Amino acid sequence: MKTLLTLMLMGTLQVSAAQAQTPFAIGGVTAQPGTLASGTLRVASRAGDAGSEIPFSILHGVRPGPVLALIAGTHGMEYTPILALQRLRTAIDPKALTGTVIMVHVANMPSFLSRTIYYSPADGKNLNRVFPGKADGSLSERIADVLTREVITRATHVVDIHCGDGNESLRPYVYWITTGPGDVAEAGRKLALASGFDHIVIDRGRPTDAAQSVYLSNTAILRGKPALTVESGSLANTDEASIARIERAAAGWLRELGMHADGPPPVAAPVWIDRSEVLMSGVTGIFYPEVDRGHSVAQGTLIGRITDFHGAVLEEVKAPFAGIVLYVLGTPPISKGEPVAFIGALQK
Ligand SMILES: [Zn+2]
């Protein structure tokens, strides 16, 4: 006959067994509870390209919990997210962590090493437009496929960390993506607030077909995982303020998800932007901005001029409505159909 003490001990054992953390493995690399493990996901070569490598870290906590994937370098010339994760991989103590953090340090290695904006030097594609990827596709499509299978599928929450690309002068903001089930969108809203960023763009326009998710964060959302895209930094800079903003946001996500006991509070009264528009160039030429990031503009305000290569003005780009300049092109080259600026109307 079992004594009360035995029953109590059994109960204790059952509870601790239920809460025991098991090892976590990605790409052949296993992290034991309370440790940091690092490795590289390999994207196999194919005729026409040499493949790629995706360096990652696993910070595996001592208690089971959410699996938060933080992804940098989806665009290879966006440096502040990459540098922020380099700091965070040693700043977060796995022994003080509930759950697991997966860090992808440079998602788009061909673009990073070749210093290209938007497009991969391997196939001319924008990695953040080819999700969920194709196992037998071009290099960007295969990178997306590996990220979808090995990282997004393994995570419970995903943050795709960006900044203004090498040509974009950007003020910080978060995209709250409303695609997907209501509970996923609501969890995403809380993560957006937990970022601590003071401007939140409400993004209602993402695709809803999981087989054609297009964007990284949308790939997670359409698989039932709350996800965000955040933007902090610009113009290939590596400034301290933009890096620190991402570090602070990560601490906020860990607190919000119950993965770490303390962390900064959510932003109290952010500016919500429910109407926004990327202004596209209708011509190819030289761009001259007339506003800077963060400027408030009225409807019709001149955002910039595009001239031909002999100085004749081809196009004047004007604000379609009153709002704030979230980003504006900060370098002269512009091709027809490329973004010139992103304007957001402040929610009343
Ligand atoms: Zn980007």
Side-chain angles (χ1 to χ4, degrees), residues 52 54 69-86 103-131 133 139-141 143-144 147-148 151-152 158-177 192 195 197 199-201 203 205-206 213-221 227-239 242-243 245-246 249-250 276-280 293 325-331 333-335 337-344:
S52 189
I54 305 173
L70 304 179
I71 296 169
T74 300
H75 291 132
M77 209 169 169
E78 297 178 2
Y79 300 139
T80 47
I82 293 167
L83 297 181
L85 289 196
Q86 289 297 310
M103 294 182 182
V104 170
H105 294 297
V106 180
N108 195 343
M109 192 64 81
S111 173
F112 178 72
L113 292 178
S114 294
R115 307 181 184 89
T116 59
I117 64 158
Y118 301 158
Y119 313 115
S120 169
D123 58 14
K125 293 188 175 174
N126 183 333
L127 177 57
N128 204 26
R129 299 292 184 276
V130 298
F131 276 86
L139 185 54
S140 294
E141 291 167 337
I143 292 172
L147 289 169
T148 299
V151 179
I152 295 171
V158 174
V159 184
D160 189 21
I161 312 173
H162 291 247
C163 59
D165 216 321
N167 59 330
E168 292 170 342
S169 179
L170 176 146
R171 68 98 62 223
Y173 60 92
V174 175
Y175 289 100
W176 171 40
I177 301 155
S195 308
F197 285 38
H199 282 56
I200 300 177
V201 174
D203 188 343
R206 304 279 163 132
S213 50
V214 181
Y215 304 92
L216 192 158
S217 50
N218 198 44
T219 304
I221 288 168
L228 283 183
T229 302
V230 303
E231 305 269 357
S232 174
S234 72
L235 288 171
N237 290 330
T238 59
D239 59 296
S242 298
I243 296 169
R245 191 178 295 108
I246 295 167
S276 59
E277 186 174 330
V278 176
L279 312 183
M280 300 296 205
R293 61 183 183 229
V325 178
L326 293 163
Y327 70 72
V328 59
L329 216 62
T331 58
I334 182 75
S335 293
E338 287 183 339
V340 169
F342 185 36
I343 309 294

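It should be emphasised that the depicted structure is a prediction, and the values quoted were computed from it without experimental measurement. In each ligand, atom 1 is the first atom listed, and ligand 1 is the first ligand listed.
With waters left out, the protein N, O or S atoms under 2.8 Å from the Zn ion (ligand 1) add up to 4.
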Practice task
Apply side-chain contact (heavy atoms from CB on, under 4.5 Å) to Phe131 and Leu147, showing your working.
Solution key: CA-CA 9 Å; Phe131 276 86; Leu147 289 169; 3.9 Å; yes
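For Tyr327, the ring pair (Phe, Tyr, Trp, His ring centres under 6.0 Å) test picks out Phe342, with sequence neighbours left out. Every residue two or more places apart in sequence or in another chain was checked for a salt bridge (charged side-chain N to carboxylate O under 4.0 Å, His left out) with Arg245, and none qualifies. Take Asp123 and apply the salt bridge (charged side-chain N to carboxylate O under 4.0 Å, His left out) test, not counting sequence neighbours, and it matches no residue.
In terms of modelled atom types and a separation under 3.5 Å, the side chain of Ser111 and the main chain of Ser120 share no donor-acceptor contact.
Looking at heavy atoms from C-beta onward, Tyr118 lies in side-chain contact with Glu168 at the 4.5 angstrom threshold.
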